[in-house]
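This report concerns only the one structure given below.
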Amino acid sequence: MPTITAFPDDGHEFFEHPGLSEPRTKLEWRAYLHALPPRKPTNLTLTEYEQLTTAGKALHNKARFAHHSALVIVRTAQMQRIHHQMRRRMLTNAHQPAGARRGIVVDGPATVGKSTLVKMFAADFEHRLRREHPERFERSYRSETHTIDYTPVVYINIPSQATPKDLSVALADYMGMPYRTGATKSAITNRVLADMDRCGVQLVIIDDAHFMDLSLKEGKVVNDHLKYIANHTAATFIYTGVDLKHSGLFLEGTGGARVTQTSGRNALIHMQPFTLDTLEDKQDWISVISAMEDALILYRHEPGSLKRDWRYLHQRTEGNISSLAELIRESAAEAVMTGTEAITRAVMNRIEINEHAQTAYNSTPHHEPEPPAAPQQHPDDEEEREAI
């Protein structure tokens, strides 16, 4: 008869967690907030690597797979600029009189890094609070059946075909607030608003706001409900989504005063893939490639070769940073798995990345574009000029 081991109720500590998912609760948000990337393995010489035993190589490669999977997230110039705007908006909103705070809508095509950008901003914001006010995070108390503790950040995804009650339930679940299955939308919403006030919520991220189909009556109702929550919360709201300018978050499908109300309370920020229109654009693109390349641990990779392939990488990915990271991560895994130990054109050409980028690459001529006339250079640009 086999022996059955009794596990603790949670059991999760007995399994290797494959990574972080999008947070749905404040506990999952804190797991994201405090998560550390896999430890960077020792960067051996090629000779040292080849002298490892079979078991030693397997262990070292496992560490490299983990490191490359988590590869560095580059804080691009676009990200820094948008973070600055968000920070300024939050400072402006902090102590204004009662009423809806002005929010920010981050719009752009899919996979340009909108969700990563807003999560990094929210994480920076909470980390700053934890450094400046550690005492706030040490206090908590019980209120009826749940814990009230300092929760400056709320991060939720809009579920597909959401109803107003779904939105309030998502907020309640995030806050860890129990509710009766048969509770009304108003009852849940009122408790959520009270909890958000008591927990000190200052920033609310609404991701995937394009799932509110405002061409439908239900979508308009959800949007009105969202505005009601924003009106009664002393927090800054930041929304992300695809083509929000035309999806209805600003137009709302009706026009008139509704358009003015929504567009008047939110700033619209567009995120775009990298372009190669100017020398500065090229240098920004090359700097992202360089940061990712510098993080690689491969034993036959020629340093700077990816940087020199900046045109090819732009053609493969359409300047999309998520596609670039996908291509380099998979190529690094391929290089280790096959023993190539280098990311070359041949390796990258074997990698099928997301369908959108792959289709665009396959359907366009692969020629090297003529660079525009270069503006006056500065000494600090020497390395980038050589690469270009």
Side-chain angles (χ1 to χ4, degrees), residues 75-94 96 99-125 153-160 162 167 201-216 219-275 277 281 284 318-322 356:
R75 291 179 179 263
T76 65
Q78 179 175 226
M79 178 183 289
Q80 293 175 19
R81 183 174 64 254
I82 295 174
H83 279 188
H84 179 80
Q85 292 175 268
M86 291 175 173
R87 175 70 174 156
R88 186 178 63 216
R89 177 56 54 94
M90 290 198 69
L91 290 171
T92 304
N93 283 345
Q96 76 168 49
R101 269 64 173 166
R102 298 296 183 260
I104 286 179
V105 176
V106 181
D107 192 14
T111 70
V112 292
K114 300 182 295 296
S115 294
T116 298
L117 181 145
V118 295
K119 286 201 294 287
M120 290 182 70
F121 173 78
D124 289 346
F125 172 68
V153 171
V154 168
Y155 174 91
I156 65 169
N157 290 89
I158 293 287
S160 179
L167 185 59
V201 173
Q202 295 170 255
L203 174 63
V204 178
I205 305 290
I206 306 291
D207 208 354
D208 291 332
H210 53 270
F211 281 135
M212 292 188 296
D213 187 353
L214 300 181
S215 65
L216 301 175
K220 298 182 181 71
V221 173
V222 172
N223 192 27
D224 285 341
H225 185 58
L226 186 56
K227 285 188 292 186
Y228 175 82
I229 292 172
N231 284 343
H232 295 86
T233 306
T236 298
F237 278 65
I238 296 177
Y239 310 85
T240 76
V242 176
D243 197 24
L244 294 181
K245 174 71 174 180
H246 302 102
S247 70
L249 188 62
F250 278 78
L251 301 178
E252 298 188 303
T254 58
R258 289 170 65 91
V259 177
T260 304
Q261 182 186 35
T262 305
S263 60
R265 66 171 59 177
N266 293 296
L268 181 64
I269 297 176
H270 292 282
M271 281 190 71
Q272 296 294 338
F274 284 83
T275 66
D277 296 335
D281 292 337
D284 285 344
E318 294 192 300
N320 189 307
I321 192 170
S322 297
H356 178 78

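In this chain, numbering begins with 1 at the start of the sequence shown. Computed from heavy atoms alone, side chains included, the values below leave out hydrogens, waters and symmetry copies.
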Which residues share a side-chain contact (heavy atoms from CB on, under 4.5 Å) with Asp207, sequence neighbours left out: Glu22, Ser115, Tyr155, Asn157, Thr240
Do side-chain atoms of Asn320 reach the backbone of Thr111 as a donor and acceptor pair under 3.5 angstrom? yes
Residues at least two apart in sequence or cross-chain that pass side-chain contact (heavy atoms from CB on, under 4.5 Å) with His225, listed by chain then number, are Pro164, Leu167, Ser168, Lys185, Thr189, Ile229
For Val201 and Ala235, work out which heavy atoms get closest and say how close. O-CB, 3.7 Å
Which value, rounded to the nearest 0.5 Å, describes the distance between Phe274 atom CZ and Thr76 atom OG1? 4.5 Å
Nearest 0.5 Å, please: how far is CD in Gln78 from NE2 in His270? 11.5 Å
Minimum heavy-atom distance between Gln272 and Pro109, given as atom pair plus value: OE1-CD, 4.3 Å
Please enumerate all residues that pass side-chain contact (heavy atoms from CB on, under 4.5 Å) together with Ile269, with sequence neighbours excluded. Ile82, Gln85, Ile104
Residues which pass side-chain contact (heavy atoms from CB on, under 4.5 Å) with Gln96, listed by chain and number, not counting sequence neighbours: Asn93, Arg101
Which pairs with one or both residues in residues 230-241 pass salt bridge (Lys or Arg N to Asp or Glu O under 4.0 Å), sequence neighbours excluded? none
Rounded at 0.5 Å granularity, tell me how far CD1 in Ile158 sits from CD1 in Ile156. 5.0 Å
Residues at least two apart in sequence or cross-chain that pass salt bridge (Lys or Arg N to Asp or Glu O under 4.0 Å) with Asp124, listed by chain then number, are Arg75
Is the shortest side-chain heavy-atom distance between Val118 and Met86 below 4.5 Å? yes
Rounded at 0.5 Å granularity, tell me how far CZ in Arg87 sits from OG1 in Thr236. 10.5 Å
Option among His84, Met79, Met90 that satisfies the side-chain contact (heavy atoms from CB on, under 4.5 Å) test with Phe121: Met90
How far does CZ of Arg102 sit from OG1 of Thr92, to the nearest 0.5 angstrom? 11.0 Å
Do you know the tightest heavy-atom contact between Ala267 and Arg89? CB-NH2, 3.9 Å
Let me know which of Ile206, Val105, Val106 forms a side-chain contact (heavy atoms from CB on, under 4.5 Å) with Ile238. Val106
With heavy-atom distances below 4.5 Å as the criterion, would you say the side chains of Lys119 and Ile205 are in contact? no
Of all heavy-atom pairs linking Gly113 and Ser322, the shortest is N-OG, 3.8 Å
Enter the distance from Met120:CE to Gln80:CD here, rounded to the nearest 0.5 Å. 9.5 Å
